[in-house]
Amino acid sequence: MSLLVNSAYRSLYGKECPYETTLKYSRAFSGYNANVRYSDRELRFRLSYKWKEISPELKTGLVQNLLNKVFKTNVKSIDIDMYNIFLKKVHITIPKTETDPVLENSFNKVNDRYFYGMIERPNLRWGTDSLSKLGSYEYGTDSITISKIMAEDEMLLDYVMYHEILHKKLKFKDKNGRSYHHTREFRAKEKDFEVHDIEEKLKKFLRRKRARGILGLWKQ
Ligand SMILES: [Zn+2]
């Protein structure tokens, strides 16, 4: 049983936690990543080792944030607010060890063109060749991950890079226990990308890729 999880549950929902709880530190995570596995009896939290040295209040905020996700609730708490502030600043402490020449070239170009070169380079890595998840920014490891398929088109790669850098720059808004990433401000800034029909080009590129995928299967 984890006292921290039980007390985080109690202060969030105002009742005793009816689940078996565990909280373990794992070296399988990088940065400040964490997750929770759950069933109808159990809540198992796994936190990266870096969380070991972090205050119980912040850990409580992290656990409560995950509880809101598990139970699809939007309960607010001071500890969640603290955790969100922490998450927005933690990039400062993350070592930048991962990079790649193509991604770094794109990052530098976009950074110079749209951000006066003022954005500190995050970790940069290629993801799988996903057609649905083109890119992501992860706060807990300060990393931008880009789908491998974007390596085929420099302009579209720059666009996805621009989108992810905007996430790093604008962070997220938290309202009523929920985090909003694609805010109105975000969408407005996204339109500053200088190729005006870029969304159309991206859609066309993805359509072509999907069609090729189907054809490939057909040939087998
Ligand atoms: Zn996004």
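Remember, predicted model here, so these are calculated numbers, not experimental data. We count ligands from 1, going down the list as the structure has it; atoms in each ligand are counted the same way.
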By ring pair (Phe, Tyr, Trp, His ring centres under 6.0 Å) - contacts of Tyr159 (at least two apart)
Phe193
State which residues pass salt bridge (charged side-chain N to carboxylate O under 4.0 Å, His left out) with Glu57; sequence neighbours excluded, sorted by chain then number.
none
Using a strict cut-off of 2.8 Å, how many protein N/O/S atoms surround the Zn ion (ligand 1)?
3
Does any pair with a residue in residues 144-162 pass salt bridge (Lys or Arg N to Asp or Glu O under 4.0 Å), and if so which ones, sequence neighbours excluded?
Lys109-Glu154, Lys109-Asp158, Glu152-Lys209
Strictly by modelled atom types, are Asn68 and Thr73 linked by a side-chain donor-acceptor pair under 3.5 Å?
yes
What is the minimum heavy-atom distance between Tyr137 and Pro122, and which atoms define it?
CE1-CB, 4.4 Å
Aromatic centroids of Tyr32 and Phe86 separated by under 6.0 Å:
yes
